[in-house]
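Everything numeric in this text was worked out from a predicted model, so none of it was measured. Computation of the quantities below employed the complete heavy-atom set of this structure, encompassing side-chain atoms and omitting hydrogens, waters and symmetry-equivalent molecules.
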Amino acid sequence: MVRKKNKNVSNLRGRQLIAHENPKSPIAEQFRTIRTNLQFTSVDSDLETMLVTSASPSEGKSITTANTAVVFAQQGKKTLLVDADMRKPTIHYTFRVDNTKGLSNYLVKSHSVTELASKTDVDHLDVLPCGPIPPNPSELLGSDKMKRFIEEAKKTYDVVIFDMPPVLAVADAQVLSNSVDGVLLVVRSKQTEKEAIMKAKEQLDQTKANILGVVLNDQDIKSSNYYYYYGQ
């Protein structure tokens with residue numbers, strides 16, 4: 001894989017939407033660089049749907065997903081961020097939206113995407129929280145109803161981004177990976193073992209996922225805090 005090294009940035013702390021709250025910061029600039037790199041991976045067609053996952057828990061996946069959605073919206077693209085982590089959802093905390101209804105309601109009942117999505121303080125960005133946690137997330141994500149959800153969302157939004165559970169924890173990301181245009185993998189410096197990264201990639205390859213690249217976060221500031229790796 002070819003590596004692109006980005007400029008030094010500070011570590012993300014908590015559930016900070018730095019790309020929205022401080023758009024001129026070095027970190028926000030790095031998210032815009034990630035956006036550009038992602039768009040270059042799909043030069044022959046628009047990147048309409050993607051999922052973000054990690055090898056293991058606690059790697060900064062969800063906050064990376066949220067900020068990536070913000071910078072796509074800042075580009076003027078009508079963006080939908082979907083919390084498809086139906087085991088430990090966090091998007092409703094990050095954006096402070098109601099989680100009583102969400103993706104799980106769509107998948108088991110008759111709702112439209114626009115009925116369930118919530119507007120945010122970010123122009124052009126809507127979020128769809130997880131909703132009530134179901135007992136069978138993998139089955140729901142692999143259902144025909146999920147495919148219909150993606151097609152319906154694409155009619156309203158330019159970009160649909162899914163926040164998914166870690167690859168090595170459950171099969172959810174693998175189940176959905178070949179239904180979207182690409183997958184972004186998030187890993188944490190000095191925490192994620194190389195073996196875990198390779199195993200996660202192998203599992204995604206098994207489902208013929210289009211791996212767009214890898215984001216490495218929390219690199220020491222003296223050497224650079226943010227890396228983006230192009231997918232093969």
Problem set entry | Spacing of CZ belonging to Phe31 relative to OG belonging to Ser25, to within rounding of 0.5 Å | 9.0 Å
Exercise. Do you reckon Leu141 sits in the same ILVMFWY cluster as Val108, going by side-chain contacts under 4.5 Å, direct or chained?
Worked result: yes
Exercise. Checking side-chain contact (heavy atoms from CB on, under 4.5 Å) for the pair Phe162/Asp83: CA distance, chi angles, key distance, verdict?
Worked result: CA-CA 6 Å; Phe162 296 90; Asp83 195 340; over 6 Å; no
Seminar exercise, completed: Note: Val82 and Leu103 closest approach over all heavy atoms is CG1-CD2, 4.0 Å
Exercise. Does the side chain of Gln203 reach to within under 4.5 Å of the side chain of Leu168, using non-hydrogen atoms?
Worked result: yes
Exercise. In terms of heavy-atom contacts, does NZ of Lys145 have more than 12 from other residues, nucleotides or ligands at under 6.0 Å?
Worked result: yes
Exercise. Regarding Lys77 and the six-membered ring of Phe72, is the cationic atom NZ or CZ under 6.0 Å from the ring centre and inside 45° of its axis?
Worked result: no
Exercise. Is the shortest heavy-atom distance from the side chain of Arg35 to the side chain of Gln39 under 4.5 Å?
Worked result: yes
For this session: State whether the side chain of Asn67 and the backbone N or O of Ala19 hold a donor-acceptor pair below 3.5 Å, judged by distance alone.
Result: yes
For this session: Flag the pair Thr94 / Ile63 as yes when at least one side-chain heavy-atom distance between them is below 4.5 Å, and no otherwise.
Result: yes
Exercise. Is there a donor-acceptor pair under 3.5 Å between the side chain of Ser54 and the backbone N or O of Pro57?
Worked result: no
For this session: Provide the closest heavy-atom pair for Ala209 versus Val183 in the form atom of the first, atom of the second, distance.
Result: CB-CG2, 4.0 Å
Exercise. Roughly how far, to the nearest 0.5 Å, is the CD atom of Gln174 from the CE atom of Met164?
Worked result: 10.0 Å
Exercise. Going by heavy atoms in the side chains, are Pro89 and Ile133 under 4.5 Å from each other?
Worked result: yes
Exercise. Taking 4.0 angstrom as the limit, do Arg32 and Glu29 come out as a salt bridge?
Worked result: yes
For this session: List the atom of Leu47, the atom of Met50, and the distance in Å for their closest heavy-atom pair.
Result: CD2-SD, 3.9 Å
For this session: Flag yes if Tyr106 and Ile150 sit in one hydrophobic cluster, no otherwise; membership is Ile, Leu, Val, Met, Phe, Trp, Tyr, and two members link when side-chain heavy atoms are under 4.5 Å apart.
Result: yes
Exercise. Should the pair Asp144-Arg148 be classified as a salt bridge under the 4.0 Å nitrogen-to-oxygen rule?
Worked result: no
Exercise. Charged N to carboxylate O below 4.0 Å: is that the case for Lys78 and Asp126?
Worked result: no
For this session: Drop me the distance from Asp205's CG to Lys201's NZ, to the nearest 0.5 angstrom.
Result: 4.0 Å
Exercise. Atom OG of Ser177 and atom CG of Leu204: how far apart are they, to the nearest 0.5 Å?
Worked result: 6.0 Å
Exercise. With side chains defined as the heavy atoms from C-beta onward, is the minimum distance between Cys130 and Ile91 less than 4.5 Å?
Worked result: no
Problem set entry | Asp85 side chain to Lys88 backbone, donor-acceptor under 3.5 Å | yes
Exercise. Do the side chain of Asp172 and the main chain of Pro165 share a donor and acceptor less than 3.5 angstrom apart?
Worked result: no
For this session: May I have the step-by-step check of salt bridge (Lys or Arg N to Asp or Glu O under 4.0 Å) for Lys155 and Glu152, ending in yes or no?
Result: CA-CA 5 Å; Lys155 292 178 182 177; Glu152 182 181 336; over 6 Å; no
Exercise. Any donor-acceptor pair under 3.5 Å linking the side chain of Thr49 with the backbone of Asp181?
Worked result: yes
Exercise. Could you walk me through whether Asp158 and His124 pass the side-chain contact (heavy atoms from CB on, under 4.5 Å) check?
Worked result: CA-CA 10 Å; Asp158 300 316; His124 310 297; over 6 Å; no
Exercise. What is the minimum heavy-atom distance between Val122 and Ala73, and which atoms define it?
Worked result: CG1-CB, 4.1 Å
Problem set entry | Stepwise side-chain contact (heavy atoms from CB on, under 4.5 Å) check, Phe95 with Leu81 | CA-CA 10 Å; Phe95 287 90; Leu81 172 58; 3.5 Å; yes
Seminar exercise, completed: side-chain contact (heavy atoms from CB on, under 4.5 Å) test vs Leu17 passes for just one of Leu125, Val70, Thr120, Asp121, namely Val70
Exercise. Would you say Pro132 and Met86 make side-chain contact, with heavy atoms under 4.5 Å?
Worked result: no
Problem set entry | Any side-chain heavy-atom pair of Leu184 and Val215 under 4.5 Å | yes
Problem set entry | Validation row: Pro166, Glu59 side chains within 4.5 angstrom (heavy atoms) | no
Exercise. Ile161 and Leu51: side-chain contact (heavy atoms from CB on, under 4.5 Å), yes or no, with the steps?
Worked result: CA-CA 6 Å; Ile161 302 175; Leu51 68 82; over 6 Å; no
Problem set entry | Distance-minimising heavy-atom pair for Asp163 and Thr65 | OD1-OG1, 3.5 Å
Problem set entry | Spatial distance of atom CD (Gln30) from atom CD1 (Ile18) [nearest 0.5 Å] | 12.0 Å
Exercise. Which atom names give the shortest non-hydrogen contact between Val97 and Ser118, and what distance separates them?
Worked result: CG1-CB, 4.1 Å
For this session: In plain terms, say whether Glu202 and Lys199 are close enough for a salt bridge, that is, a side-chain N and a carboxylate O under 4.0 Å apart.
Result: no
For this session: Answer yes or no: is there a donor N or O on one side and an acceptor on the other, between the side chain of Asp98 and the main chain of Thr100, under 3.5 Å?
Result: yes
Exercise. Do other residues, nucleotides or ligands put more than 12 heavy atoms under 6.0 Å from the CD atom of Glu195?
Worked result: no
Exercise. Can Asn178 and Thr207 be counted as having a side-chain donor-acceptor contact under 3.5 angstrom?
Worked result: no
For this session: Mind checking the CD1-OG1 spacing from Ile211 to Thr41? Nearest 0.5 Å is all I need.
Result: 12.0 Å
